Amino acid sequence: MPRIISDFIKAGFKQILPCLLCGIDVQQKQNLCEHCWNNLPWSQQSVHRHELEILSACEYHYPLDRMIQQFKYEQQLHYQQVLAGTLMQLKLPRVQAIVPMPISVERLRKRGFNQSVVIAKHVSKQLNIPIWQPIIRKHQHSQKGLSRIERLENIDQQFEVDRTEKRRFRKVLIIDDVVTTGSSIHALSSALYKVGCKQIYAACIAAAQS
């Protein structure tokens with residue numbers, strides 16, 4: 001089947017598919033109907049964590065929090081387009097590469113995928129810039145009950161440089177799904193400076209209360 005016909009058929013089906021949230025109106029924006037899309041908990045502003053300025057598309061409230069949780073923990077990957085779509089509403093900086101927040105091998109095996117990588121692929125395609133993963137996350141432990149200093153020290157120990165990655169970029173954008181304290185982005189930024197990055201930006205789908 002010629003590609004132009006295939007694309008036309010897909011576009012036609014999309015017009016009659018129900019919204020992923022309400023299931024009533026048809027999809028119009030990123031697999032949601034216009035009403036559900038407009039009523040996401042938008043913020044589209046910067047939040048400040050650990051002296052970092054992080055672009056945040058939304059606040060971590062219903063129904064976005066539920067969508068992210070189901071996407072991450074229940075493998076409901078059909079939410080990936082709308083989640084990535086929220087990031088594309090931000091005024092993202094011009095960079096050379098996108099760095100998705102890494103997760104540990106143990107967590108990757110348990111979950112089956114890195115949610116930040118899945119989202120970053122959509123952003124990478126839209127911006128036509130590569131995904132870059134020069135940092136490995138060795139392990140992940142709960143941050144609950146730790147002081148600010150203990151939290152930073154614990155996170156810093158989780159990241160190390162991937163010596164097999166030879167590419168180098170100076171201006172990058174970190175992509176994460178949810179930011180709470182910002183300690184993971186702070187630690188990842190520190191590791192990226194070690195591999196020669198000079199300008200590091202960060203963006204998340206949603207910001208939660210720290």
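This is a predicted model, so every value here is computed, not measured. Because only heavy atoms are used, hydrogens play no part in the values below, and waters and symmetry mates are left out as well, while side chains stay in.
Atom NE2 of H35 has 12 or fewer heavy atoms from other residues, nucleotides or ligands within 6.0 Å. In this structure, K194 places its NZ atom where only 12 or fewer heavy-atom neighbours from other residues, nucleotides or ligands lie under 6.0 Å away. The neighbour count for E74 CD, taken as heavy atoms of other residues, nucleotides or ligands under 6.0 Å away, is above 12.
Applying the salt bridge (charged side-chain N to carboxylate O under 4.0 Å, His left out) rule to R111 yields no partners; only residues at least two apart in sequence or on another chain are considered.
Here the shortest heavy-atom pairing between K138 and E106 reads O-OE1, 3.7 Å. Taking both residues in full, the closest heavy atoms of P102 and N114 are given as CA-ND2, 3.7 Å, listed atom of the first, atom of the second, then distance. Here the closest non-hydrogen pair linking R49 and G182 is CB-CA, 3.8 Å. Across every non-hydrogen atom of C22 and C33, the tightest pair is SG-SG, 3.8 Å. Of all heavy-atom pairs spanning T180 and Q209, the tightest one is CG2-O, 3.2 Å. Residues V123 and M88 approach most closely at CG1-SD, 4.0 Å, considering heavy atoms.
Without hydrogens or angle criteria, Q44 side chain to A57 main chain gives no donor-acceptor distance under 3.5 Å. The backbone N or O of Q27 lies less than 3.5 Å from no partner atom in the side chain of W37, so there is not a single donor-acceptor pair. Between the side chain of Q96 and the backbone N or O of R170, at least one donor-acceptor pair lies under 3.5 Å. Remark: the backbone N or O of F169 is not paired with any side-chain donor or acceptor of W132 at under 3.5 angstrom. Distance alone, capped at 3.5 Å, places no donor-acceptor pair between the Q76 side chain and the H78 backbone. Within the 3.5 Å criterion, the main-chain N or O of I98 finds no donor-acceptor partner in the side chain of S124.
There is a path of hydrophobic side-chain contacts, each under 4.5 Å, that joins L83 to L92. Both L40 and Y79 sit in one connected hydrophobic cluster of ILVMFWY residues. Membership requires side-chain heavy atoms under 4.5 Å apart, directly or through other members. In this structure, L87 is a member of the same hydrophobic cluster as I129, with clusters built from ILVMFWY side-chain heavy atoms closer than 4.5 Å. Taken together through direct or relayed side-chain contacts under 4.5 Å among Ile, Leu, Val, Met, Phe, Trp and Tyr, V118 and M101 form parts of separate hydrophobic clusters. No single ILVMFWY cluster, assembled from side-chain heavy atoms under 4.5 Å apart, contains both I119 and I131.
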Given the rule in the side-chain contact (heavy atoms from CB on, under 4.5 Å) test, do V161 and I135 qualify, once you have shown the distances and angles that lead to the verdict? CA-CA 5 Å; V161 175; I135 307 300; 4.1 Å; yes
Take Y60 and V179, measure what side-chain contact (heavy atoms from CB on, under 4.5 Å) needs, and give me the verdict at the end. CA-CA 9 Å; Y60 191 61; V179 167; over 6 Å; no
Assess the residue pair R137 and S184 against the criterion (side-chain contact (heavy atoms from CB on, under 4.5 Å)); give the C-alpha distance rounded to whole Å, side-chain angles, the decisive distance to 0.1 Å, and a yes or no. CA-CA 10 Å; R137 196 161 191 168; S184 293; 3.2 Å; yes
Go through the steps to decide whether M67 and L21 satisfy the test side-chain contact (heavy atoms from CB on, under 4.5 Å), and finish with yes or no. CA-CA 9 Å; M67 293 165 62; L21 282 182; 3.7 Å; yes
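Annotation: side chain of T86 is not in contact with side chain of Q30 (no heavy-atom distance under 4.5 Å). Side-chain atoms of P134 and D162, non-hydrogen and from C-beta on, never get closer than 4.5 Å to each other.
The NZ atom of K72 sits 13.5 Å away from atom CG of L77, with the distance rounded to the nearest 0.5 Å. Taking OG from S189 and CD from E51, the interatomic distance works out to 12.0 Å, rounded to the nearest 0.5 Å.
Residue E165 is tested with R167, R168, R163 for a side chain to side chain donor-acceptor pair (under 3.5 Å); the sole match is R167.
Below 30°, between 30° and 60°, or above 60°: for F71 and F113 the angle between ring planes is between 30° and 60°, a tilted geometry.
Sorted pairs that involve residues 187-210 and meet ring-ring contact (aromatic ring centres under 6.0 Å, His included), not counting sequence neighbours, are lacking altogether.
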